[in-house]
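Written out below as structure tokens is the structure these notes cover.
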Number of protein chains: 2
Amino acid sequence: MIITKAGRRMFPAMRVKISGLDPHQQYYIAMDIVPVDNKRYRYVYHSSKWMVAGNADSPVPPRVYIHPDSPASGETWMRQVISFDKLKLTNNELDDQGHIILHSMHKYQPRVHVIRKDCGDDLSPIKPVPTGEGVKAFSFPETVFTTVTAYQNQQITRLKIDRNPFAKGFRDSGRNRMGLEALVESYAFWRPSLRTLTFEDIPGIPKQGPTLYGPSQPSCVLSPAMWFPQPWP
Amino acid sequence: MIITKAGRRMFPAMRVKISGLDPHQQYYIAMDIVPVDNKRYRYVYHSSKWMVAGNADSPVPPRVYIHPDSPASGETWMRQVISFDKLKLTNNELDDQGHIILHSMHKYQPRVHVIRKDCGDDLSPIKPVPTGEGVKAFSFPETVFTTVTAYQNQQITRLKIDRNPFAKGFRDSGRNRMGLEALVESYAFWRPSLRTLTFEDIPGIPKQGPTLYGPSQPSCVLSPAMWFPQPWP
DNA sequence: TTGTTCTCACCTAGGTGATAATCT
DNA sequence: AGATTATCACCTAGGTGAGAACAA
């Protein structure tokens, strides 16, 4: 994923559907992005692979993207596809625009957080997301990405150009698209339909008592058609 | 003000500053637009005046513009200038975009509503704003306007073109601006600085008991520099 | 005649990768 | 040598009044 000083959107954006919330309870929904490991990477062109190139840089200030519809009722959240397309990434450790700060050439995992309103009193764009009762995090392994300041691989560049409407100016409409389409569609992680993740019960909540989120356990599903997978830069 | 079928913004937009709220109380802020009288108007060009031209058309479905930052704490509302620039007007009585529906060639008064969160449970874009305890409305007489589908007066057209950034394409930079500027600045309602409105205590609230909004009475001030006055179409 | 609708050129505002210059 | 930055042309998305066509 490209990161810049000014802040750059993720493409494709994370889009999820959530179910199992209490329709009449208020929630915040937020995203943060955590390191996958403690390594720094470099891209080896001739083998088309990311290789470990030392240990990770020192940690950056914690940032959280609070979804702009927050807070909203469970009913509202469950009715829509929740899109994080306004979220921006930056490599500027002194950023004051509230963007998410990351190191270039590192691997990251986005996380979606569902926070019951009464547990989100100290929720802040510049503090770590609280954990514990009333808060649940979801991660989708297929959304792990590597940060760069310039694309390392012509295939990923084409993928972005062909799918991002804002990059239409770079499209080569005469070019044979089969190479790209075949690549995307054959990829192991690619799914034309929704992928559902199940997850553990929330610790500390009695199964029979008043449920944390509602009658059913909450679940979070990654929306189709807009995400594509790792090992590219 | 121009109204269209698709919906058109007001220009200039209403911008207010609010004070006297309880910093830790949550509020909705909303705008609606009510008829000034029961008349329909026509513009008489040779006298440059709006004249009564019969009784008002039948009422339109009630619409409310809920400020997109709602709900928010009194602290948040008081810290910023509250702008209604995304609000749109339409003459389409069957509008399903949530725009405010008005009749052309009628006179209207925009109102700002401050609604304590616990009194806004049935607040809806398609229902009248509730009244009573915990709700307060503000009107600024200098914001009364007449609706049209096409400007009736070349002076108002010039004013809009010269001040709305989206109309820059129609500006005639070689034109002598003194006529316009003199007109605006000499106008009785025009003020280069903030105009403060005071207003009555809220009925039914004991003066000594817990106050409705906070330690002081709430007040609402129209922001300067972006509003100009009536008798033009 | 008068008011309304539709389409248009011309803007604002801002999201893309390319590219050349710069940094380390 | 490899990574980063600044600037750019080229887009998306949408807010203007002009003016012709249309309606009552």
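Letters A, B, ... are given to chains in the order of the sequence lines, protein chains preceding strands, and every chain is numbered from 1.
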Discussion item. Would you compute the distance between atom OG1 of Thr76(A) and atom OH of Tyr27(A) and round it to the nearest 0.5 angstrom?
Written reply: 11.5 Å

Discussion item. Nearest to the side chain of Thr157(B), heavy atoms from C-beta on, is which of dT16(D), dA18(D), dA3(D)?
Written reply: dA18(D)

Can you check the [X] [atom1] to [N] [atom2] distance for me, whole Å?
X: Ile3(A); N: dT4(D); atom1: CD1; atom2: P; value: 7 Å
X: Gln155(B); N: dG17(D); atom1: CD; atom2: C1'; value: 17 Å
X: Lys168(B); N: dT16(D); atom1: NZ; atom2: P; value: 14 Å
X: Asp172(B); N: dT16(D); atom1: CG; atom2: C1'; value: 16 Å
X: Arg158(B); N: dA18(D); atom1: CZ; atom2: C1'; value: 15 Å
X: Tyr151(A); N: dT4(D); atom1: OH; atom2: P; value: 14 Å
X: Tyr41(A); N: dA3(D); atom1: OH; atom2: P; value: 15 Å
X: Tyr45(A); N: dG2(D); atom1: OH; atom2: P; value: 13 Å

Discussion item. Salt bridge (Lys or Arg N to Asp or Glu O under 4.0 Å) for Asp172(A) and Arg158(A)? Distances and angles first, verdict last.
Written reply: CA-CA 9 Å; Asp172(A) 174 10; Arg158(A) 284 193 195 141; over 6 Å; no

Worksheet entry | Plane angle bin for His106(A) and His103(A) - parallel if under 30°, tilted between 30 and 60°, otherwise perpendicular |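 Tilted, since the angle between the ring planes falls between 30° and 60°.
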
Worksheet item: Parallel under 30°, tilted from 30 to 60°, perpendicular over 60°: which one fits the rings of Tyr65(A) and His67(A)?
Response: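 Judged by the thresholds at 30° and 60°, the geometry between Tyr65(A) and His67(A) is perpendicular.
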
Worksheet item: Between Arg40(B) and Asp57(B), is there a salt bridge with N-O shorter than 4.0 Å?
Response: yes

Discussion item. Heavy-atom nearest nucleotide on DNA chain C for Phe166(B) versus Ser104(B): which residue maps closer to 5'?
Written reply: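 Between the two, 5'-proximity favours Ser104(B).
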
Fill in: DNA chain C: 5'-proximal contact among Met105(B) and Asn164(A) (nearest heavy atom)
Met105(B)

Response to the item:
With a 4.0 Å cut-off (strictly under) to non-hydrogen atoms of chain B, the first and last hit nts on DNA chain C, 5' to 3', are dG3(C) to dT12(C)

Discussion item. Can you confirm if the NZ or CZ of Lys160(A) lies within 45° of the ring axis of Tyr151(A) and under 6.0 Å from the centre of its six-membered ring?
Written reply: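 The answer is no; the distance or angle limit is not met.
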
Discussion item. Is the positively charged end of Lys107(B) above the ring of Phe145(B), judged by distance under 6.0 angstrom from the centroid and angle within 45° of the axis?
Written reply: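 Not satisfied by the 6.0 Å and 45° rule.
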
Worksheet item: Using a cut-off of 4.0 Å on non-hydrogen atoms, how would the nucleic acid contact of Lys88(A) be classed: base, sugar-phosphate, or nothing?
Response: sugar-phosphate

Item to complete: Ignoring backbone atoms, test whether Gln152(A) places a side-chain nitrogen or oxygen under 4.0 Å from the OP1 or OP2 oxygen of dA3(D).
Response: yes

